[in-house]
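Note sheet for the following structure.
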Amino acid sequence: MQATAELADRISTISISSTMKVSADADRLRREGADVVDFGAGEPDFPTPANISQAAISAINANFTKYTAAGGTPELREAICERHHLDFGTKYAASECMVTVGGKHAIFNLIQALINPGDEVVIPVPYWVTYKDVVNYAGGVCVFVNTDENTGFEVTASTIEHHLTERTKLVIINSPCNPSGAVLSMEEFRAIFDLTSRRGIFLLTDECYCHFLYEAKPFSIAALPGAKESVVVAGSLSKTYAMTGWRIGFALAPATIIGAMTKLQSHSTSNPTSIAQKAAVEAMRGSQDSVPVMLAEYRRRRDFVVERLRTIPGVLIVMPKGAFYAYPNISVAYGSGRVGNSLEFASELLAKAQVAVVPGEAFGTSDHVRISYATSMTELERGLNRLHKFIDTIRA
Ligand SMILES: Cc1ncc(COP(=O)(O)O)c(C=O)c1O
């Protein structure tokens with residue numbers, strides 16, 4: 001008998017990652033011969049630092065190519081705890097750390113291990129695309145907290161408090177934020193932690209961009225006294241060390257949660273690639289010199305992008321304080337009958353001007369697009385010139 005193609009109900013609760021879709025569309029156009037400027041990709045254009053790549057080559061030569069413990073090698077888990085201690089003053093033991101196949105996987109494991117159907121998860125808007133889908137996949141309920149330009153997209157403890165109920169299990173904070181570049185002050189983050197810990201709610205801090213701050217000094221909320229009991233850190237080596245393809249992330253959390261997440265991982269991916277884990281040990285313990293070099297270049301590009309966007313009449317842009325994204329409000333281009341939301345804007349921009357951006361709908365707002373400035377100044381200049389002309393044409 002032929003198997004039916006009916007899929008599991010839970011798979012229909014999620015959609016394909018829109019950021020990945022933009023890259024795929026841009027790629028397709030490029031293969032067809034179009035001269036595309038790609039502002040869609042959320043990945044560093046820098047090479048992985050040579051010392052890190054060399055550690056992987058040495059791992060292959062030493063035949064370090066077999067299974068490791070499902071939650072990562074003790075060596076790497078210790079190295080991650082050491083790095084986090086050196087950078088932020090936290091005190092995690094290897095039993096409170098696991099290595100995952102990228103930071104995204106740490107978040108997926110956590111949500112699956114923590115969220116029951118009907119549990120509420122508070123997510124500030126704009127949000128990184130994946131949170132919503134992984135919460136939905138677990139049967140959880142997303143409770144969105146809006147932020148806007150007027151407050152620099154910074155969420156506050158008091159707005160979060162209005163969204164808490166008996167069913168709230170988790171609050172997710174991503175600072176610096178993808179896509180807005182907003183950074184929470186230490187005071188506000190502390191107030192959010194005070195609130196969640198008082199109410200017995202877990203706080204997930206997604207530290208993916210924690211080293212890319214343009215004004216404040218990096219900090220981790222997990223370093224506060226008592227934070228380790230209810231804070232979960234999702235970390236990633238992808239952006240900090242330009243290692244997106246190596247797929248190494250981590251979680252720092254109470255040992256029981258790490259145990260549950262590791263159990264799940266042991267039945268899905270098993271260990272992250274052994275060779276990439278050796279490279280990650282070097283990233284954690286070796287020279288950190290590449291990080292400020294990349295940050296300085298991102299700052300230069302950020303300043304250029306914001307200045308250039310401000311020359312386009314009607315476009316609003318909040319100065320990003322971290323990460324490598326600008327999140328302009330382009331709604332000035334709506335109403336001409338040609339585009340009415342950011343999905344249409346992005347699709348027309350790609351079709352007519354060959355510039356790829358991610359529509360704000362992917363992040364929960366419909367008046368914005370995300371521009372990744374993790375690309376060269378030449379590309380930024382070319383793409384922003386095209387964007388300016390595109391908006392002028394639409395408004396004419
Ligand atoms: C906010 C945020 N968190 C986590 C991740 C996960 O990154 P990775 O899975 O490459 O470690 C990303 C990647 O874009 C991100 O933007």
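Please read all numbers here as calculations on a predicted model, not as lab measurements.
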In Å and rounded to the nearest 0.5 Å, what is the NE2 to OG distance from H162 to S158? 6.5 Å
Donor + acceptor pair across side chains of S331, N329 (<3.5 Å): yes
Closest non-hydrogen atom pair between L237 and A283, with its separation: CD2-CB, 3.9 Å
Is the centre of the F88 ring less than 6.0 Å from the centre of the H211 ring? yes
Taking the side chain from N341 and the backbone from F345, do they hold a donor-acceptor pair closer than 3.5 Å? no
Counting N and O atoms only, with roles assigned by atom type, does the side chain of Y334 sit under 3.5 Å from a partner on the main chain of S342, one being a donor and the other an acceptor? yes
Over all heavy atoms of both residues, which pair between V305 and A326 is shortest? Give the atoms and the distance, please. CG1-CB, 3.9 Å
Looking at F64, I'd like to know if the NZ or CZ of K278 sits under 6.0 Å from its six-membered ring centre while staying within 45 degrees of the ring's axis. yes
State whether the side chain of N385 and the backbone N or O of E381 hold a donor-acceptor pair below 3.5 Å, judged by distance alone. yes
Do L384 and H388 come within less than 4.5 Å of each other through their side chains, counting heavy atoms only? no
Is there a side chain to side chain contact (heavy atoms under 4.5 Å, CB included) between V355 and F390? Walk through the geometry before answering. CA-CA 10 Å; V355 177; F390 174 75; over 6 Å; no
Are the side chain of D148 and the backbone of F153 linked by a donor-acceptor contact shorter than 3.5 Å? no
Do side-chain atoms of S175 reach the backbone of C177 as a donor and acceptor pair under 3.5 angstrom? no
Salt-bridge criterion met for E154 and K321 (N-O under 4.0 Å): yes
State whether the side chain of R83 and the backbone N or O of M284 hold a donor-acceptor pair below 3.5 Å, judged by distance alone. yes
Is it true that I172 and L184 fall in one hydrophobic cluster, defined by side-chain heavy atoms closer than 4.5 Å? no
Kindly indicate whether the side chain of P126, heavy atoms from C-beta on, has any atom under 4.5 Å from the side chain of T147. yes
Under the ring pair (Phe, Tyr, Trp, His ring centres under 6.0 Å) test, residues paired with Y209 that sit two or more places apart: F324, Y325
Among R30, R382, Q354, which one satisfies side-chain hydrogen bond (donor to acceptor under 3.5 Å, both in side chains) with D35? R382
Same cluster or not: are Y127 and I107 linked, directly or through other Ile, Leu, Val, Met, Phe, Trp or Tyr residues, by side-chain heavy atoms under 4.5 angstrom apart? yes
Any link between V121 and I173 through a network of hydrophobic side chains (Ile, Leu, Val, Met, Phe, Trp, Tyr) touching at under 4.5 Å? no
Can we call the ring centroids of Y298 and F46 under 6.0 Å apart? yes
Within a strict 4.5 Å, meaning less than it, do heavy atoms of the K239 and C208 side chains meet? yes
A69: which residues meet the side-chain contact (heavy atoms from CB on, under 4.5 Å) condition with it, sequence neighbours left out? none
So does V155 get a backbone contact from the side chain of T159, meaning a donor-acceptor N/O pair under 3.5 Å? no
As a quick check of understanding, evaluate side chain to side chain contact (heavy atoms under 4.5 Å, CB included) for L387 and I371, giving each step before the final call. CA-CA 11 Å; L387 175 75; I371 292 175; 4.2 Å; yes
Any donor and acceptor pair, going by atom type alone, linking the side chain of T168 with main-chain N or O of T165 inside 3.5 Å? yes
NZ/NE/NH1/NH2 to OD/OE distance under 4.0 Å, D25 and R28: yes
How about CG on N116, more than 12 heavy atoms from neighbouring residues, nucleotides or ligands closer than 6.0 Å, or not? yes
Check whether more than 12 heavy atoms from other residues, nucleotides or ligands sit under 6.0 Å from atom CZ of R190, and answer yes or no. no
Which is it for Y373 and F39 under the ring-ring contact (aromatic ring centres under 6.0 Å, His included) test, yes or no, and what are the steps along the way? CA-CA 7 Å; Y373 50 84; F39 291 158; 9.7 Å; no
Derivation and outcome, side chain to side chain donor-acceptor pair (under 3.5 Å), residues Y214 and D303: CA-CA 10 Å; Y214 302 111; D303 292 347; over 6 Å; no
Pair E207, H84: side-chain N/O donor-acceptor within cut-off below 3.5 Å: yes
Given the rule in the salt bridge (Lys or Arg N to Asp or Glu O under 4.0 Å) test, do R300 and E297 qualify, once you have shown the distances and angles that lead to the verdict? CA-CA 5 Å; R300 199 166 77 91; E297 180 57 22; 3.0 Å; yes
Working note: I160 + I192, criterion side chain to side chain contact (heavy atoms under 4.5 Å, CB included); need CA distance, chi angles, decisive distance, verdict. CA-CA 8 Å; I160 287 182; I192 293 170; 3.9 Å; yes
Considering residues, nucleotides and ligands other than E32, do more than 12 of their heavy atoms fall under 6.0 Å from its CD? yes
Any donor and acceptor pair, going by atom type alone, linking the side chain of D133 with main-chain N or O of T130 inside 3.5 Å? no
CA sep, side-chain torsions, deciding dist, call: H105, T269, side chain to side chain contact (heavy atoms under 4.5 Å, CB included): CA-CA 10 Å; H105 192 208; T269 57; 3.3 Å; yes
With sequence neighbours left out, write down each residue that passes ring pair (Phe, Tyr, Trp, His ring centres under 6.0 Å) with F304, or none if nothing qualifies. none
Looking only at heavy atoms, what is the nearest atom pair of A333 and V339, with distance? O-CG2, 3.3 Å
State whether a side-chain donor-acceptor pair under 3.5 Å links E361 with H368. no
Could you check whether any side-chain N or O of T68 sits under 3.5 Å from a backbone N or O of N271, counting only pairs where one atom can act as donor and the other as acceptor? no
Can you see whether F202 has K169 sitting over its ring - NZ or CZ less than 6.0 Å from the centre and within 45° of the normal? no
Apply the test side chain to side chain donor-acceptor pair (under 3.5 Å) to residues E282 and Y241: give CA-CA distance (whole Å), side-chain angles for both, the deciding distance (0.1 Å), then the verdict. CA-CA 11 Å; E282 175 60 23; Y241 302 100; over 6 Å; no
Does any non-hydrogen side-chain atom of T375 lie less than 4.5 Å from one of D38? no
Pair E82-R285, salt bridge (Lys or Arg N to Asp or Glu O under 4.0 Å): steps then yes or no: CA-CA 8 Å; E82 272 166 39; R285 291 191 170 143; 2.8 Å; yes
Please list, chain by chain and in numerical order, all residues satisfying side-chain contact (heavy atoms from CB on, under 4.5 Å) with S185, sequence neighbours excluded. E187, E188
Between the side chains of R370 and N178, does any donor sit under 3.5 Å from an acceptor? yes
Heavy-atom closest contact (V332 atom, G314 atom, distance): CB-O, 3.6 Å
I'd like to check the side-chain contact (heavy atoms from CB on, under 4.5 Å) partners of A227; sequence neighbours left out, ordered by chain and number. F193, L224, V231
T13 and Y137: which non-hydrogen atoms are nearest, and at how many Å? OG1-CA, 3.6 Å
For S372 and G42, which heavy atoms make the closest approach, and how far apart are they? OG-CA, 4.3 Å
For E78, which residues count as a side-chain hydrogen bond (donor to acceptor under 3.5 Å, both in side chains) partner, sequence neighbours excluded? none
Would you tell me whether T311 and R308 have side-chain atoms, one donor and one acceptor, within less than 3.5 Å of each other? yes
Answer yes or no: is there a side-chain heavy-atom contact under 4.5 Å between R301 and D45? yes
